[in-house]
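Below, all heavy atoms of this structure are taken into account, side chains as well, without hydrogens, waters or symmetry copies.
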Amino acid sequence: MNRIMNRYTTFIDDSQKNFKLIFFCALIMLTYRIVLMIRFSIYFTEPLTVFDYLLALYVGFCFDISLGAYVALLPFLLSSICLIHPFPTISRLSRQFMLIFFSTLNAIILLANYLFFLEYEDNFNQWIFGVLYDDFSAVLSTTWKTFPVFSLSCIVLVATLISVYIGLHFINRPFYSFHHHKTLHRPIPIIGVLICIFFLFFLTLRGSIHSRPIQLKDAGVTRDAMLNKMVVNPYFALRFVIKQFFLLSKANGINLYIQENDIQHAAERHFGKMVSGNNLDEYMKKTARGIQPKKPRHVFLFVMESFDAWPLLDAYQSFDVMPNMRKLGQEGLLVTNFLSSGTGTMTSLSSMITGLPDVGVITNYQISARKPFPTSLAPQLKRLNYQCNMYYGGYLSWQRIGDFCKDQGFDHVFGGGHMGRWPINEWGVDDQQIFEYIDKNFDISQDSFNLILSTSNHPPYDIPVYQMGFPFKEIPDDLKEEYDATWSLKIFGHIWYSDKVLGEFIDRISQKAPDALFIVTGDHWSRKFLNPRPNLMIRSSVPLLIYSKQGLPESLQAAKLSGAHLNILPTIIEYCAPRGFEYFSMCQDIFDKNYFPLGIGRSCLITPCDIWNSEGQHHQISLNCEHPVFTSEQAIKRIKDMYGIGWWRLMKGPLF
């Protein structure tokens with residue numbers, strides 16, 4: 001009988017230590033969450049009460065308890081062996097090992113997550129795949145130059161050693177030892193205690209006492225989006241983003257956007273027409289109107305690194321960091337109600353090159369992208385007798401950009417190795433070197449389309465912009481209340497630098513080729529603003545500039561226009577192609593006055609009046625509009641329709 005009781009009491013005592021391990025892990029994560037809430041409180045945009053903070057901590061603690069249960073799962077299973085044979089040493093050693101392993105891994109994860117928050121103002125998201133597909137050495141070098149990594153690492157190391165020391169002592173003893181407790185010498189209390197232990201551990205694994213386990217949607221518990229991002233701990237954030245990536249990559253990934261059996265209806269809604277048959281490409285087929293009597297011999301599409309639209313808004317005229325874009329916009333067409341296709345360089349570039357939206361599956365690595373799509377940019381322009389050139393200031397091996405562009409039909413692809421002396425910096429040569437190379441090697445006798453991807457407006461922001469003439473050492477008086485110095489003015493000087501060398505290049509080429517067409521946009525917004533609380537419009541928009549020294553074919557009012565990256569291809573074709581030319585595009589051109597101006601970018605929809613995102617957030621752009629064109633539900637539906645169509649065409653082909 002004593003042996004039996006010894007097995008039970010040993011298991012009960014061991015289980016208490018396991019629950020201590022769970023609580024200790026959860027407490028570490030809770031402490032980290034409080035640090036985030038304090039450090040990034042300046043990013044909160046909504047009025048928050050003590051209850052909001054407590055609610056965020058409570059729901060976050062549920063995620064943390066579940067994480068702790070997974071850490072303690074192995075020790076708990078080994079402790080269960082004590083019910084058969086009282087041998088607690090193996091469970092004790094496993095418990096100590098898991099605490100040390102978790103603490104070591106946690107130091108790396110939390111440091112990475114903190115740096116991720118500093119750069120992206122978000123928990124781990126789809127950008128984490130940059131570690132797999134990006135230039136890892138460049139990421140590390142930029143991180144080292146941009147953030148105090150050494151100091152943070154020392155702090156994390158000391159905190160880890162202290163936590164291991166405290167943790168090992170904390171989990172060494174149970175809350176209360178039952179070895180000499182006479183109550184447990186009777187079967188019914190023993191069975192009751194065992195059931196409670198297993199049930200309680202089951203609840204901790206779920207992180208919830210409700211009918212379902214804790215889920216990502218439970219994180220949206222407060223009114224502030226930034227605070228909600230801190231509710232989920234980094235481990236669950238990684239789990240969710242990886243799970244979504246693999247779901248999108250599976251055969252039924254379309255269900256994250258629309259139902260598979262709704263693809264035809266989605267196409268009819270998006271394109272506004274019915275087509276016989278079951279081929280998506282037929283919906284995308286368009287006929288050029290022939291709006292320009294003579295096509296330009298040269299077309300330049302500039303995709304400028306982290307080019308924001310907000311410096312071009314009237315409210316920021318005094319902080320004129322993009323004077324050339326503003327000047328060229330007055331002579332041509334400058335649209336600020338414009339969205340990027342992705343939240344990163346390659347996702348946006350892939351979308352513009354293929355003519356398909358970024359649907360979260362890393363387009364440039366998909367097998368289907370090894371050959372052009374009907375909507376692809378280069379093959380359609382080659383049909384107009386343009387030689388298609390691509391210029392990128394960085395390494396052509398980055399994100400397989402060189403091979404990807406060749407796969408998609410570009411005739412020539414030039415990288416930083418062609419433009420500057422080796423070794424070039426981690427992200428490539430400066431914008432001036434890119435433009436000087438193109439200017440020097442530009443063949444005016446050959447009709448050409450030239451896609452140019454710049455590099456300079458990017459961390460670590462080490463260009464000597466003040467030596468080059470950047471005029472702002474202080475923020476203008478009318479913006480002093482808005483500017484809180486979260487980002488130094490030198491960082492904004494890199495936008496000024498890119499704008500400066502861009503304007504000089506366009507001026508030089510315009511002298512050589514007066515009929516050249518220039519289109520400028522940003523790959524994504526820079527994630528830098530005068531303060532950490534930009535509205536939805538500011539943190540989503542990039543500019544679109546259309547300029548030709550010969551003038552544009554139609555007089556358009558920029559304030560009444562909007563669009564996104566996928567509107568660029570049809571705009572180029574409509575400008576350059578003769579009447580009756582057939583082409584393929586998912587969107588309309590900017591010049592089409594019969595088309596209601598809207599743009600759909602990555603998880604956002606914009607009109608001249610309003611902008612929505614896929615979470616239902618809304619911001620009114622123009623006070624001249626009485627009512628929004630869409631409700632939030634309608635806007636979300638439009639976004640999902642387009643991305644569902646794009647996913648199907650990329651992952652399954654044209655037939656449905």
Side-chain angles (χ1 to χ4, degrees), residues 257-258 265-273 283-284 286 289 309-310 312-313 333-343 348 351-352 355-359 375 519 521-522 524-525 535-546 554 556-575 584-646:
Y257 298 118
I258 60 175
H265 294 131
E268 291 172 356
R269 290 191 297 266
H270 176 76
F271 293 100
K273 62 182 180 181
Y283 287 90
M284 302 181 192
K286 294 178 173 58
R289 303 188 305 280
W310 67 262
L312 298 166
L313 301 177
L333 179 69
L334 180 60
V335 181
T336 54
N337 300 329
F338 201 77
L339 301 175
S340 62
S341 287
T343 54
S348 287
S351 181
M352 283 186 274
L356 298 174
D358 166 45
V359 295
T375 53
I519 299 177
T521 189
H524 56 83
W525 98 289
N535 59 45
L536 181 60
M537 166 63 180
I538 288 174
R539 67 175 186 264
S540 303
S541 58
V542 295
L544 173 70
L545 169 69
I546 304 177
E554 298 183 34
L556 299 169
Q557 292 182 275
K560 295 182 179 180
L561 296 176
S562 61
H565 278 164
L566 289 184
N567 296 102
I568 292 177
L569 167 64
T571 299
I572 293 175
I573 291 179
E574 290 289 349
Y575 188 93
F584 294 85
S585 172
M586 284 197 67
C587 299
Q588 297 295 126
D589 65 280
I590 290 291
F591 299 124
D592 190 351
K593 293 182 177 180
N594 297 318
Y595 165 70
F596 178 76
L598 67 83
I600 300 178
R602 185 60 178 149
S603 301
C604 284
L605 181 149
I606 195 168
T607 73
C609 298
D610 305 88
I611 182 172
W612 297 262
N613 66 13
S614 58
E615 297 175 355
Q617 292 179 309
H618 167 259
H619 175 76
Q620 186 175 358
I621 297 172
S622 173
L623 298 178
N624 296 325
C625 304
E626 296 182 2
H627 304 289
V629 180
F630 303 107
T631 65
S632 292
E633 292 76 14
Q634 290 170 333
I636 292 172
K637 186 64 175 175
R638 292 293 298 263
I639 294 169
K640 290 189 173 182
D641 279 348
M642 178 165 155
Y643 280 85
I645 295 166

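- In this view, H618 and W612 satisfy the ring pair (Phe, Tyr, Trp, His ring centres under 6.0 Å) rule, not counting sequence neighbours.
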- Task: With side-chain contact (heavy atoms from CB on, under 4.5 Å) as the test, would you mind laying out the steps for T607 and F630 before giving the verdict?
- Result: CA-CA 9 Å; T607 73; F630 303 107; 4.0 Å; yes

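- Put simply, CD1 on I645 and CE on M586 are 5.0 Å apart, with the number rounded to the nearest 0.5 Å.
- In this structure, I621 CD1 and L536 CG are separated by 8.5 Å, a value rounded to the nearest 0.5 Å.
- Nearest heavy-atom pair across I258 and A266 is CD1-CB, 3.6 Å.
- Aromatic ring orientation, Y257 versus Y643: tilted (interplanar angle from 30° to 60°).
- To the nearest 0.5 Å, atoms OG1 (T343) and CH2 (W525) are separated by 12.0 Å.
- Looking at residues two or more places apart in sequence or on another chain, you find no side chain to side chain donor-acceptor pair (under 3.5 Å) involving E615.
- A donor-acceptor distance shorter than 3.5 angstrom exists from the side chain of H565 to the backbone of G522, with no hydrogens or angles considered.
- A 4.5 Å side-chain heavy-atom check between L561 and L333 finds at least one atom pair inside the cut-off.
- Here the closest heavy-atom approach between residue Q617 and residue N613 is recorded as OE1-ND2, 2.6 Å.
- Qualifying side chain to side chain donor-acceptor pair (under 3.5 Å) partners for R638, counting only residues two or more places apart in sequence or in other chains: none.
- For the pair S632 and G616, the tightest heavy-atom approach, listed with the atom from each and the gap, is OG-O, 3.2 Å.
- Using a distance-only test at 3.5 Å, with no hydrogens or angles considered, no donor-acceptor pair links the side chain of S622 to the main chain of C609.
- At least one donor-acceptor pair under 3.5 Å links the side chain of T521 to the backbone N or O of P543.
- Residues forming a side chain to side chain donor-acceptor pair (under 3.5 Å) with R289 (at least two apart in sequence, or on another chain): D589.
- For E268, the side-chain contact (heavy atoms from CB on, under 4.5 Å) partners at least two apart in sequence or on another chain are Q264, H265, M274, Y283.
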- Message: Between L544 and T571, does the side-chain contact (heavy atoms from CB on, under 4.5 Å) criterion hold? Intermediate values first, please.
- Response: CA-CA 11 Å; L544 173 70; T571 299; 5.9 Å; no

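- Of all non-hydrogen atoms in C604 and S540, the two that sit nearest each other are SG-OG, 3.8 Å.
- A 4.5 Å side-chain heavy-atom check between I590 and E574 finds every atom pair outside the cut-off.
- For the side-chain contact (heavy atoms from CB on, under 4.5 Å) test, residues two or more places apart in sequence or in another chain that qualify with S603 are S614.
- Rounding to the nearest 0.5 Å places NZ of K593 at 5.5 Å from CG of L556.
- Scored by the side-chain contact (heavy atoms from CB on, under 4.5 Å) test, K286 finds F271, Y583, S585, Q588 as partners (sequence neighbours excluded).
- Remark: side-chain polar atoms of S340 are not paired, donor with acceptor, to backbone N or O of H524 under 3.5 angstrom.
- For T336 (side chain) and L313 (main-chain N/O), no donor-acceptor pair under 3.5 Å exists by modelled atom type.
- With sequence neighbours excluded, no residue satisfies side chain to side chain donor-acceptor pair (under 3.5 Å) with T375.
- Under the 4.5 Å side-chain criterion, counting only non-hydrogen atoms from C-beta, W310 is not in contact with N535.
- Rounding to the nearest 0.5 Å gives a distance of 9.0 Å between CG of L356 and CE of M642.
- S351 is linked by a side-chain contact (heavy atoms from CB on, under 4.5 Å) to S341, L566, counting only residues two or more places apart in sequence or in another chain.
- Taking all atoms of both residues into account, the shortest heavy-atom contact from S562 to P597 is OG-O, 2.8 Å.
- Once rounded to the nearest 0.5 Å, the distance linking NE2 of H619 with CD1 of I611 reads 8.0 Å.
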